[in-house]
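Take a look at the structure set out below.
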Amino acid sequence: MKFADEFRESSLARDLSRTLAREAEAIGRPVRIMEVCGGHTHAIFKFGLYDLLPPSVRMIHGPGCPVCVTPRAVVEMAVRLAEQPGIILCTFGDMMRVPGRTRSLAQARALGADVRMVYSALDALEIARRHPDRTVVWFAIGFETTVPGTASAVRRARAEHLHNFLLLCNQVTIAPALRAILEAPDVRVDAFIGPGHVSVIIGTEPYRFVAEQYRRPVVISGFEPLDILHSVFQILRQIRSGRPEVAVQYRRAVRPEGNRLALEVMEEVFEPRDQEWRGLGVIPASGLALRPPYADMDALRVFAGLLPPALPDPRGCRCGEVLRGVATPPDCPLFGTACTPSYPMGACMVSAEGACAAYYRYGRSTAAQPAAEVGEIARS
């Protein structure tokens, strides 16, 4: 398999493992690396990369799962919107089972609401074209990876004079979240593995402040085992040299300047706004709102009365702490008992990119030892 097998060669992985051990020994202290993206979290578990890392290197899971960071109140509003007469609510499959306060979108659909799973904003736009007598709401979530597609759908809807296409927008940007993590008093991170997919769009510039102001390395990584191990090597080499910088390990996909066309479309349609993140609170300028020429397509304005006040996580759920890297899934009293992939209580268990889902799927016993040690480091 081209571009996959080459990055799964076991002998190279073992060589890299030995190199990592030498680098870690030279550093001589524990190193805490946050993998920002949930895709990296799952790759680390799927390929057993914990066993190839030096004991002093610990991976901390970050807030890079878009489903996981969507506030519970916004999920509840989506459910309420879906239950309005004449509404078709479209969303990604992962959002269907996330619990709101009353029920999930999947449960709302079972009770008669018109909720449709789609693969993109353009799919939702096509549904709006086919149903001019209905109001189609696109429940837009995600980081910069999905924002250009949503922006394109908004522009097309306006160009085609479609008045039945609205946006329930919960799209977020990654750089403000990294700043919030770096400034959180209870989170200790020595370096970041940067999200590969997001960085295809935004390039390297948005991460520059991490290296220059906070003196932490950022290495943007691919998703195969050798990608991640090589990224850890680059991070350890930077820490050892005392010269943090933003580096691109995922060069086959990420260009330093990003995707300029995508960035232009985003800039035309959206503007920054303060945004609530599950587990991180309100982060200044971390969300995206429609600019004034498109504001009439904002479902939050059209149906403002349906948005409930902030909703806390279910009792006992520690998703918020997992997303901030100060707890791991086995630390949660609900993990694997009241909360499972079949009956998720929190968003981190629902999403395919969620840390809890990764721990559950790939083995709790494997995760138990690093979980405890990460917890100790985070509290030290």
Side-chain angles (χ1 to χ4, degrees), residues 65-142 146 150 153 157 162-171 276 278 297-317 319-320 334-335 337-354 356-357 360:
C65 166
V67 172
C68 302
V69 299
T70 301
R72 195 167 170 230
V74 177
V75 178
E76 177 64 16
M77 179 172 181
V79 171
R80 294 180 181 185
L81 269 173
E83 294 176 339
Q84 299 301 302
I87 295 283
I88 300 174
L89 191 129
C90 300
T91 189
F92 292 124
D94 277 2
M95 284 304 305
M96 295 288 287
R97 296 192 306 121
V98 179
R101 186 180 67 83
T102 54
R103 57 184 65 90
S104 67
L105 287 168
Q107 291 168 326
R109 183 168 69 175
L111 293 172
D114 195 344
V115 181
R116 305 189 188 188
M117 186 186 75
V118 298
Y119 293 100
S120 73
L122 295 177
D123 290 344
L125 184 65
E126 178 59 25
I127 292 172
R129 293 191 187 102
R130 293 177 182 176
H131 299 277
D133 57 329
R134 308 275 298 279
T135 297
V136 174
V137 178
W138 166 235
F139 188 6
I141 66 162
T146 60
T150 298
L162 284 176
H163 300 294
N164 65 327
F165 182 75
L166 301 180
L167 212 65
L168 176 57
C169 189
N170 201 76
Q171 306 238 231
E276 180 189 357
R278 192 168 189 164
M297 301 169 69
D298 186 353
L300 282 170
R301 293 191 178 195
V302 178
F303 298 98
L306 294 180
L307 180 64
L311 295 174
D313 286 334
R315 181 175 299 178
C317 176
C319 274
L334 306 182
F335 176 78
T337 54
C339 184
T340 68
S342 299
Y343 299 97
M345 299 288 288
C348 295
M349 186 63 87
V350 175
S351 170
E353 294 189 359
C356 294
Y360 191 93

>> Before you tell me yes or no, could you show the steps for Val67 and Ile141 under side-chain contact (heavy atoms from CB on, under 4.5 Å), namely the whole-Å CA-CA distance, both residues' side-chain angles and the distance that decides it to 0.1 Å?
In response: CA-CA 7 Å; Val67 172; Ile141 66 162; 3.7 Å; yes
> Should we count CZ of Arg301 as having more than 12 external heavy atoms under 6.0 Å?
Replying inline: no
> Which atom names give the shortest non-hydrogen contact between Asn164 and Pro132, and what distance separates them?
Replying inline: ND2-CA, 3.6 Å
> Do Leu166 and Leu168 have side chains that get closer than 4.5 Å, going by heavy atoms?
Replying inline: no
> Does any N or O in the side chain of Arg134 come within less than 3.5 Å of the main-chain N or O of Ile127, such that one atom is a donor and the other an acceptor?
Replying inline: no
> Taking atom OH of Tyr343 and atom CE of Met349, what is their separation to the nearest 0.5 Å?
Replying inline: 14.0 Å
>> I need the minimum non-hydrogen distance between Pro66 and Glu353, along with the two atoms involved.
In response: CD-OE1, 3.7 Å
>> How close do Phe165 and Ala157 get, counting heavy atoms only, and between which atoms?
In response: CD2-CB, 3.8 Å
>> Please evaluate residues Leu167 and Thr150 with respect to the criterion side-chain contact (heavy atoms from CB on, under 4.5 Å), reporting the C-alpha separation (whole Å), side-chain torsions for both, the decisive distance (0.1 Å), and the verdict.
In response: CA-CA 9 Å; Leu167 212 65; Thr150 298; 3.7 Å; yes
>> With a 3.5 Å distance limit and no angle check, can you tell me whether Thr135 reaches the backbone of Gly86 through a side-chain donor-acceptor pair?
In response: no
>> If you compare all heavy atoms of Cys317 against all heavy atoms of Leu334, which two are closest, and at what distance to 0.1 Å?
In response: N-CD1, 3.6 Å
>> Strictly by ring pair (Phe, Tyr, Trp, His ring centres under 6.0 Å), give each pair with a member in residues 99-128 just once, sequence neighbours left out.
In response: none
> Are any non-hydrogen side-chain atoms of Phe139 and Leu81 less than 4.5 angstrom apart?
Replying inline: no
>> Under the salt bridge (Lys or Arg N to Asp or Glu O under 4.0 Å) definition, can you give me all pairs with a residue in residues 69-83, not counting sequence neighbours?
In response: Glu76-Arg80, Glu83-Arg103
> Which distance, rounded to the nearest 0.5 Å, do you find between the CG of Leu89 and the CE of Met95?
Replying inline: 9.5 Å
> Looking only at heavy atoms, which two atoms of Val115 and Arg109 are closest? And how far apart?
Replying inline: O-CD, 3.0 Å
> Roughly how far, to the nearest 0.5 Å, is CZ of Phe335 from SG of Cys348?
Replying inline: 11.0 Å
>> Any non-hydrogen side-chain atom of Ser104 less than 4.5 Å from a side-chain atom of Met96?
In response: no
>> Minimum heavy-atom separation for Ala73 and Ala310, please, with both atom names.
In response: CB-CA, 4.3 Å
> Any ion pair linking Arg116 and Asp123 (charged N to carboxylate O, less than 4.0 Å)?
Replying inline: no
> Are side-chain heavy atoms of Arg278 and Asp313 found at a separation under 4.5 Å?
Replying inline: yes
> Just wondering, do Trp138 and Val118 contact through their side chains at under 4.5 Å, heavy atoms?
Replying inline: yes
>> Are the side chains of Arg97 and Pro344 in contact, using a 4.5 Å heavy-atom criterion?
In response: yes
>> Is any side-chain heavy atom of Thr102 closer than 4.5 Å to one of Gln107?
In response: no
